Amino acid sequence: MSATVFTDAESDLCVDYQLEGAAEGQKIAKEFTKFSAEEAASRIKKNIYSLEHVTLNIAVTGNAGAGKSTFVNALRGLTNDDEGAAKAGVVETTRIPAPYPHPTMPNVIIWDLPGIGTPNFKAKTYLSDVKFERYDFFIILTSERFKENDINLAKAIKKKKLLYYFIRSKIDNDITAEGRRKDFNQERLLSQIREDCQKNLKSVGDPKVFLISSFSLQDYDFNNLMDTLEKELPDAKRHALIQSLPVYSIEALQRKKKHFQRMIWLTAFGSGAIALVPIPGMTLVCDYGIVTSFLGDVFKSFGLEDTSLQKLAKRVEGIDWMDLKAEMKSTFKDGVTSTVVASFFKTPSMAAIMTLKGLMSAVIPFAQLPAGAVSVPIMHYLLNRGLKEMEGDAKAVLEKAQLHHV
Ligand SMILES: Nc1nc2c(ncn2[C@@H]2O[C@H](COP(=O)(O)OP(=O)(O)OP(=O)(O)O)[C@@H](O)[C@H]2O)c(=O)[nH]1
Ligand SMILES: [Mg+2]
């Protein structure tokens, strides 16, 4: 297949299909050769349902004042002053495990745990006191050196074969303090801190330590931490984590987009693979419920809801959230409703649809799929276009808010 016979937009699609999700699409197509069309479709729908309903419980722990509550808030896209934020500050000590559901994804819960050694939480019984079996992974924070309590906790978590990650917090403070020196070199300072922590943690093995500032997740090691979690968490948990991450930079947005691109095949097959009864007035026969819910998830996860824009605007001096909203130009700028989705789905021409099917046959063996599966490539194309439109809006918002570091 030579790319020159395609328009630019079609060539883009070829690349997307081949690079971003071909393997995923082929895997799902196999289901249809193994099971009956109904059975395969029902398995896919179950898979989508369980992804949407997975729970993720993140435990954040560490010594008093390490920055736990502030980090919990940052993960939820909140500042310490926002409504519903975990209380933080020099005198507000966390005394019991406190659950903080993510503002737009309540199935993701970030737990602000009391540090070891605070009254009622002794090292020996700490894990059972905080009900360790509840959490998918632990984050152990310190703003100085890791102490004996941190090390003992890590060892105990390891013994239970649970995941844990060390964070050295408040890195911005170190940079401000050292930045006054004439021979200041940020990279050198960061590697010194990292090495120092690792030396300090030798007895736990050779754990990675992530250097983070809760005030600027776009800097330092937060992205590395997310890369690591993406590798180490099981599929469904990863899905919940990536969807719930705040959109703090273009890089964070790209991570989400890649993730949703993989989800598109599942959604295309789940919504379009078996013949359904046509809805009067609709050109496309598909399961609109699945499609609307997917596009709605993208909208929410990209931080495009009014409430998310309002939170973002609060962090940027001199910007009203309506200025951010005004940057959004896509079909979905006012939200993903069934009416908007229906009109979006009326747009492709028949010619485009035939080209698509031809293009995608190179990746997916449609001949082996049930007759209804003819709408799968169209669904894939439209979902991808919807995703790209919303990505455009999200980028424009980030740029306006001047958060476009890469
Ligand atoms: N500069 C800077 N300050 C931070 C950061 N994270 C937290 N702080 C500040 O450190 C102080 C303590 O933060 P908290 O989030 O309350 O710490 P904590 O671990 O929850 O404290 P306790 O619940 O009392 O154990 C607050 O004044 C925060 O504003 C950070 O990343 N950078
Ligand atoms: Mg606290």
Side-chain angles (χ1 to χ4, degrees), residues 57-103 109-123 126-127 129-130 135 137-154 164-180 184 186 189-190 193-194 196-197 209-226 245-246 248-249 252 311 314-317 403 405:
N57 285 282
I58 304 172
V60 178
T61 182
N63 56 312
K68 299 179 290 294
S69 304
T70 309
F71 184 66
V72 165
N73 291 334
L75 280 182
R76 298 162 71 223
L78 301 178
T79 66
N80 288 347
D81 307 325
D82 279 328
E83 210 185 307
K87 291 267 184 300
V90 273
V91 290
E92 298 281 358
T93 302
T94 310
R95 289 182 189 282
I96 48 161
Y100 289 96
H102 188 275
I109 300 176
I110 304 146
W111 293 78
D112 192 353
L113 300 189
I116 295 192
T118 41
N120 309 328
F121 288 89
K122 297 286 170 266
Y126 184 81
L127 278 181
D129 289 344
V130 299
Y135 312 108
F137 61 89
F138 287 80
I139 286 187
I140 307 173
L141 275 159
T142 189
S143 55
E144 300 151 14
R145 309 192 76 209
F146 288 96
K147 304 269 164 56
E148 203 184 331
N149 277 339
D150 301 314
I151 293 169
N152 290 339
L153 176 62
Y164 61 92
Y165 302 91
F166 286 110
I167 288 186
R168 168 58 164 78
S169 63
K170 307 191 196 177
I171 289 298
D172 54 316
N173 271 349
D174 298 81
I175 294 200
T176 319
E178 286 288 310
R180 296 196 187 94
F184 174 68
Q186 180 166 316
L189 173 67
L190 295 180
I193 297 176
R194 195 171 286 124
D196 186 47
C197 290
V209 178
F210 299 94
L211 276 40
I212 282 169
S213 161
S214 295
F215 297 156
S216 48
L217 295 184
Q218 68 273 21
D219 297 319
Y220 322 116
D221 285 343
F222 188 74
N223 274 316
N224 296 342
L225 172 64
M226 292 306 123
L245 280 182
Y248 49 88
S249 65
K311 280 183 200 120
K314 270 183 140 179
R315 294 177 167 229
V316 190
E317 227 171 285
L403 286 172
H405 319 237

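Start at 1 and go down the list; that is how both ligands and their atoms are numbered. Values in this document were obtained by computation on a predicted structure and should not be read as measured data. No hydrogens, no waters, no symmetry mates; every other heavy atom, side chains included, goes into these values.
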Residue A66 vicinity, atoms of ligand 1 by number, heavy atom under 4.0 Å
19 (O)

Atoms of ligand 1 less than 4.0 Å from A88 heavy atoms?
14 (P), 15 (O), 16 (O)

Relative to atom 32 (N) of ligand 1, which among N63, V60, D172, T142 owns the nearest non-hydrogen atom?
D172

For ligand 1, which atoms have a heavy atom of A64 less than 4.0 angstrom away?
25 (O)

Closest heavy-atom pair and its distance - L141, K68:
CD1-CA, 3.4 Å

Taking D112 first and then K87, would you say they form a salt bridge - that is, a charged N and a carboxylate O separated by under 4.0 Å?
no

Salt bridge (Lys or Arg N to Asp or Glu O under 4.0 Å) against E178, all qualifying residues, sequence neighbours excluded
R181

Within 4.0 Å of some non-hydrogen atom of G67, the atoms of ligand 1 are 7 (C), 13 (O), 14 (P), 15 (O), 17 (O), 18 (P), 19 (O)

Assess G62 for proximity to ligand 1: is some non-hydrogen atom of it under 4.0 Å away?
no

For T70, the ligand 1 atoms with a heavy-atom partner under 4.0 Å come out as 6 (N), 7 (C), 13 (O), 14 (P), 15 (O), 28 (C)

Side-chain donor-acceptor pair under 3.5 Å between D150 and Y164, yes or no?
no

Pair R194 + D221: basic N to acidic O under 4.0 Å
yes

For the residue pair T61 and Y126, confirm or rule out a side-chain donor-acceptor distance under 3.5 Å.
yes

In ligand 1, the atoms that come under 4.0 Å of a heavy atom of S213 are 31 (O)

Tell me, please, which residues at least two apart from K311 pass salt bridge (Lys or Arg N to Asp or Glu O under 4.0 Å).
none

Taking N, O or S atoms only and a limit of 2.8 Å, check whether S69 reaches the Mg ion (ligand 2).
yes

Ligand 1 atoms nearer than 4.0 angstrom to some heavy atom of S69 are 15 (O), 18 (P), 20 (O)

